[in-house]
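As the structure lists them, so they are numbered: ligands from 1, and atoms in each ligand from 1.
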Amino acid sequence: MKVIIESKEKANKLAAEQYVKLLNSKPDCVLGLATGSTPLGLYAELIRLNKEGIISFSKCSSFNLDEYIGLDGTHDQSYRYFMNTNLFDHVDIRKDHTFVPSGSCKSDEEAALYDEAIEKAGGVDLQLLGIGHNGHIGFNEPLTPFESKTHIEKLTDSTREANKRFFASIDEVPTHAITMGIGTIMKSKIIILVAFGEDKAEIMKKTIEGKPTISVPASLLQLHTDVTVYLDPEAASLLS
Ligand code: PGA
């Protein structure tokens, strides 16, 4: 794992450079995208680069990590809605080339078809990840199997608690999500993980310096050959 510690602003700019490099060398690349508050600064940077003509998304396609079960794409807390409003509506990507797992998915068999779609598109070239306080990547909560494909995951109480800030009350936070599996994520050619803030310091120490274990899903990224982790000094504060 390559670890880069910079201010939030600089980290977003450096991460954006990986997109510039990829989109300019392989315009029809496949992007793996993430939601949450962490990628917002990076998305703002990508929008700026697109408006300035430095990058184009017109030939690429994208696959998002996850979606809440029970929310359709028009719900303002759905991840489809998040992606439209925070990235897709502001860049030249073709909406019909953007994929978000379906919140109406009913079974793991149906969910696994998402992996087939990713493979048919050529596989993810660059996967963006945030991280949960329990080490989840996508919505792969601790103990999700290493080989897992896209599947339905029961959200832990701590994840629902962390995400309740976006809903009127905890009762409205969905109990399940559909998420790319750890195995799906590990197949990406290049991975970027971004974490900011002191509240991510403890999990980043476990992720980077702990033994790879399914108890801390993000620590499994140590087993991937091309991962860059972007941290601000607060998120990196417990690293030795
Ligand atoms: P955050 O969420 O970016 O809002 O901190 C990250 C995650 O839970 O994966």
Atom pair CG/NE2 of Asp66 and His151 - distance to nearest 0.5 Å: 10.0 Å
Hey, what polar pairs (N/O, under 3.5 Å) does ligand 1 make with protein?
from	atom 1	to	atom 2	distance (Å)
ligand 1	3 (O)	Ser37	N	3.3
ligand 1	3 (O)	Thr38	N	3.0
ligand 1	3 (O)	Thr38	OG1	2.5
ligand 1	4 (O)	Ser37	N	3.0
ligand 1	4 (O)	Ser37	OG	2.7
ligand 1	4 (O)	Arg165	NH2	3.2
ligand 1	5 (O)	Lys200	NZ	2.7
ligand 1	8 (O)	His136	NE2	2.8
ligand 1	9 (O)	His136	NE2	3.3

Sequence neighbours left out, cut at 3.5 Å: what donor-acceptor pairs do the side chains of residues 31-38 make with other protein atoms?
from	atom 1	to	atom 2	distance (Å)
Ser37	OG	Arg165	NH2	3.2

Check whether the ring centres of Phe167 and Tyr68 lie less than 6.0 Å apart, and answer yes or no. yes
Answer yes or no: is there a donor N or O on one side and an acceptor on the other, between the side chain of Tyr19 and the main chain of Leu126, under 3.5 Å? no
Is the number of heavy atoms from other residues, nucleotides or ligands under 6.0 Å of Glu147 CD greater than 12? no
Looking only at heavy atoms, the pair that brings Phe63 and Ile118 closest together is CD2-CG1, 3.5 Å
